[in-house]
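Structure first, commentary second.
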Amino acid sequence: MRNWVNYGVRNYLQHPERQKDFFSLQSADSPAVMQRERHGTLLVDVERKLVLYLRGLWQDSEVLVPYSTAFATLRKPQPYYDSLGMRLPDVLDDLPGARALDRYRATLAHMVGHRRWSTPQIADNWSPFQRLAVEFFEDARIDTLLIQTYPGLRALFLALHPKPTEEACDPETTSCLRHRLTMLLRALLDPEHGYRNPVLKDFVERFQAELAGGNADTASMARLALDYVTTTRRQSDQFAKMHFADTEINYRDDNRGLWRFIEAGDEEESFDEEHRTAPDPEAQGLPPRHYPEWDYQSQSYRPDWVSLYEGLHASASPATIDQLLLKHAALARRLKRLLDLLKPQDKVRIRYQEEGSELDLDVALRSWIDFKSSSPPDPRINMSHRTAGRDIAVTLLLDLSESLNAPVKGSSDGQTVLQLSQEAVSLLAWSIEQIGDPLAIAGFNSNTRHAVRYQHIKGFSEPWGDTVKGRLAALQAGYSTRMGAALRHAGHYLAARQADKKLMLVLTDGRPSDIDVQDERLLIEDARQAVNELDRNGIFTYCISLDPQADAYVADIFGRQYTVIDHIAKLPERLPELFIALTR
């Protein structure tokens, strides 16, 4: 709490209204800072993994909504789902045999099973005991179907499922209703449950027979539950004192979607069946990545401040790029001569390899002598070769903000800065392909901190061909330039490359800015901090600016690692030459 209070005082010292929002938990960074100081695994930290888990394993797409577990004093909330999304605890702790991330996965799997296989029942004429029994039997059916889909879930479910002993509850003084149902549910999932109660064993066999017949559904589980209620009812079930020890199954939802009410009350919520089966069309892309943003006034990061959405860029006709390359054929021929000088020529022999391209005769002969003299022979009798000279990975990051739609000054045919950038990037990509260096190309723009768009145009493993040309031909510009988050995300991919030198080229035509930022220095300082972070990770960042006024701010971001191209029409020629100079 002290760290949270200090953050609010320090960062909003000059902004009383914003400080008020912070301490009333209304500003975005207030709960983010508080969560950062909390225990366990935060949902916000694993949300991306969980969304991919839903889509990859269960072909389900839904919004994950956290609820607070910090103030559960009277009634501990449970996970649930409705028409607005899947509600999960904002933080979970590791348990013996189950990590917090696995607990989240078990909860999501169980809710997916209900959404997929459960049918809502009319609840108005059911007693609380009957409804509770139906929920337990239906939960067991759902978990069994999930285990049949992915057998490895059994160990996770059993690790999270309590195993009460038969003698734990005294029916003379206490209502043992939950105790009996929890034992039954454990026996339905665990073939080695060890319980001796004959009624329990009988209902386990009937449950398994229902599922083996292939016709088990929610209605059949309801009928089985009613039989169980009739068979096991005791007078003590009405006692006010109820046995709760070892009956909590914390990965299950609260089953509100299992019931419909003819006369809806304040405590019930209707369940939207259509939404239950249809994925959200707005959530088909990758989930967002959250990045911090540097606040130069407080000299601290705003945690998880920016939401960055990445995707594959749309495509168009690759013939457009072929025409641009043909337009610069003379420049390409001149570049070709320079590129041939940069191509690695020398071969280096790597000896003592167990697997290689050819036999190393000296080592092979020595191993044969050792073998004949009953000594252990050296198995490294091969050698391979590698090309000496260049080991460079390059990322080209394109600013695709609205200003690129402006026409080039002095252009007679009305060519825009975006079209000229397409020519330059095409020539650069062709040049790097000639050398053989790995290259990735991406574009970015932003519409407030909640929507930074990062578009993949070429991946490191993709060859220069019609697919990449088609994406380049489809480039469109719009919105603003929140550069820091894009630099961090591009650095995330470039840092993973195995290369002696990692180069990030940034092509931009203006200062970092966005419509939700009033302080002009804020995003400039954040971009500078991002460049420093990349430098610490061994990534050399270089900016090519098309803004004639860039000298006023570009040095603050990139230091001396920049070039300002005043005559934009020369960009197709200058960009490949700059790359050659940087990597010579």
Side-chain angles (χ1 to χ4, degrees), residues 78 95-98 103 106 109-110 113 126-253 255 258:
Q78 286 183 270
L95 294 177
R103 293 178 62 189
H110 187 76
W126 296 62
S127 70
F129 185 6
Q130 291 171 332
R131 287 175 55 183
L132 186 63
V134 172
E135 291 176 3
F136 270 73
F137 273 92
E138 180 66 359
D139 282 343
R141 183 179 77 93
I142 294 302
D143 284 351
T144 303
L145 294 175
L146 293 172
I147 291 170
Q148 291 175 358
T149 306
Y150 294 110
L153 284 174
R154 184 186 299 275
L156 177 58
F157 287 160
L158 292 180
L160 295 172
H161 200 292
K163 188 177 182 181
T165 60
E166 292 187 81
E167 301 78 14
C169 181
D170 181 8
E172 299 298 327
T173 61
T174 308
S175 172
C176 298
L177 173 61
R178 290 184 60 88
H179 176 256
R180 295 199 309 272
L181 286 172
T182 306
M183 285 198 304
L184 173 64
L185 196 51
R186 177 77 190 200
L188 295 177
L189 296 179
D190 185 3
E192 301 178 357
H193 54 83
Y195 294 129
R196 302 181 302 275
N197 187 293
V199 176
L200 181 146
K201 290 183 177 181
D202 176 57
F203 276 92
V204 169
E205 292 176 359
R206 293 175 59 180
F207 174 84
Q208 293 173 347
E210 287 279 357
L211 265 68
N215 297 320
D217 57 9
T218 308
S220 64
M221 291 297 104
R223 291 191 293 270
L224 192 60
L226 290 179
D227 288 346
Y228 180 80
V229 169
T230 304
T231 305
T232 63
R233 180 182 286 116
R234 295 176 180 175
Q235 186 64 34
S236 60
D237 292 340
Q238 307 299 323
F239 289 176
K241 180 182 178 182
M242 181 172 287
H243 181 89
F244 281 99
D246 286 335
T247 63
E248 180 183 2
I249 308 171
N250 54 31
Y251 70 91
R252 301 276 174 79
D253 64 291
N255 283 311
L258 195 58

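Every heavy atom of this structure was used, including side-chain atoms; hydrogens, water molecules and symmetry mates were not.
Take His161 and apply the ring-ring contact (aromatic ring centres under 6.0 Å, His included) test, not counting sequence neighbours, and it matches no residue. Residues passing the side chain to side chain donor-acceptor pair (under 3.5 Å) test with Ser220, sequence neighbours excluded: Asp217. Listed by chain and number, the residues in a side chain to side chain donor-acceptor pair (under 3.5 Å) with Arg206 are Asp227 (sequence neighbours excluded). In terms of the ring-ring contact (aromatic ring centres under 6.0 Å, His included) criterion, residue partners of Phe157 (sequence neighbours excluded) are, by chain and number, Tyr251. For Glu210, there are no side chain to side chain donor-acceptor pair (under 3.5 Å) partners two or more places apart in sequence or in a different chain. Residues that satisfy the side chain to side chain donor-acceptor pair (under 3.5 Å) test with Arg252, not counting sequence neighbours, are Asp143. With sequence neighbours excluded, no residue forms a salt bridge (charged side-chain N to carboxylate O under 4.0 Å, His left out) with Arg233. Residues forming a ring-ring contact (aromatic ring centres under 6.0 Å, His included) with Phe137 (at least two apart in sequence, or on another chain): Tyr228.
Atom CD1 of Ile142 sits about 12.5 Å away from atom CD of Glu135, to the nearest 0.5 Å. Between the CG atom in Leu258 and the CG atom in Asp139 there is a gap of 8.0 Å [rounded to 0.5 Å]. Here Asn250 contributes atom CG and Arg103 contributes atom CZ; the two are 4.5 Å apart, rounded to the nearest 0.5 Å. One distance of note links CG of Leu185 with CG of Leu200; it measures 10.5 Å at 0.5 Å rounding. Atom CZ of Phe239 is separated from atom OG1 of Thr173 by 7.5 Å, given to the nearest 0.5 angstrom. Between Leu177 atom CG and Thr232 atom OG1 the span is 7.5 Å, to the nearest 0.5 Å.
Within the structure, side chain to side chain donor-acceptor pair (under 3.5 Å) pairs that include any residue of residues 185-203 comprise Glu167-Arg196, Arg186-Asp190 (at least two apart or interchain). Pairs engaging residues 238-249 under the salt bridge (charged side-chain N to carboxylate O under 4.0 Å, His left out) rule: Lys76-Glu248 [sequence neighbours left out]. Among residue pairs with one or both ends in residues 166-189, those qualifying as ring-ring contact (aromatic ring centres under 6.0 Å, His included) are His179-His243; sequence neighbours excluded.
In this structure, Leu158 and Lys163 have side chains that are not in contact, with every pair of non-hydrogen atoms separated by 4.5 Å or more.
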Ignoring hydrogens and angles, write down the donor-acceptor pairs under 3.5 Å from the side chains of residues 145-156, residues two or more places apart or on other chains.
from	atom 1	to	atom 2	distance (Å)
Thr149	OG1	Leu145	O	3.0
Tyr150	OH	Leu57	O	2.9
Arg154	NH1	Leu189	O	2.7

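Leu211 approaches Met221 most closely through the heavy-atom pair CD1-CE, 4.2 Å. The nearest pair of heavy atoms linking Thr182 to Pro162 is CG2-CG, 3.9 Å. Nearest heavy-atom pair, Pro164 versus Met183, reported as atom, atom and distance to 0.1 Å: CG-CG, 3.6 Å.
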With side chain to side chain contact (heavy atoms under 4.5 Å, CB included) as the criterion, how do Leu184 and Phe203 come out once you've worked through the C-alpha distance, each side chain's angles and the decisive distance to 0.1 Å?
CA-CA 8 Å; Leu184 173 64; Phe203 276 92; 4.3 Å; yes

Dump the intermediate steps for side chain to side chain contact (heavy atoms under 4.5 Å, CB included) on Thr144 and Leu188, then the final yes or no.
CA-CA 8 Å; Thr144 303; Leu188 295 177; 5.8 Å; no

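Judged by distance alone, with hydrogens and angles left aside, the side-chain atoms of Ser236 form a donor-acceptor pair with the main-chain N or O of Pro171 at under 3.5 Å.
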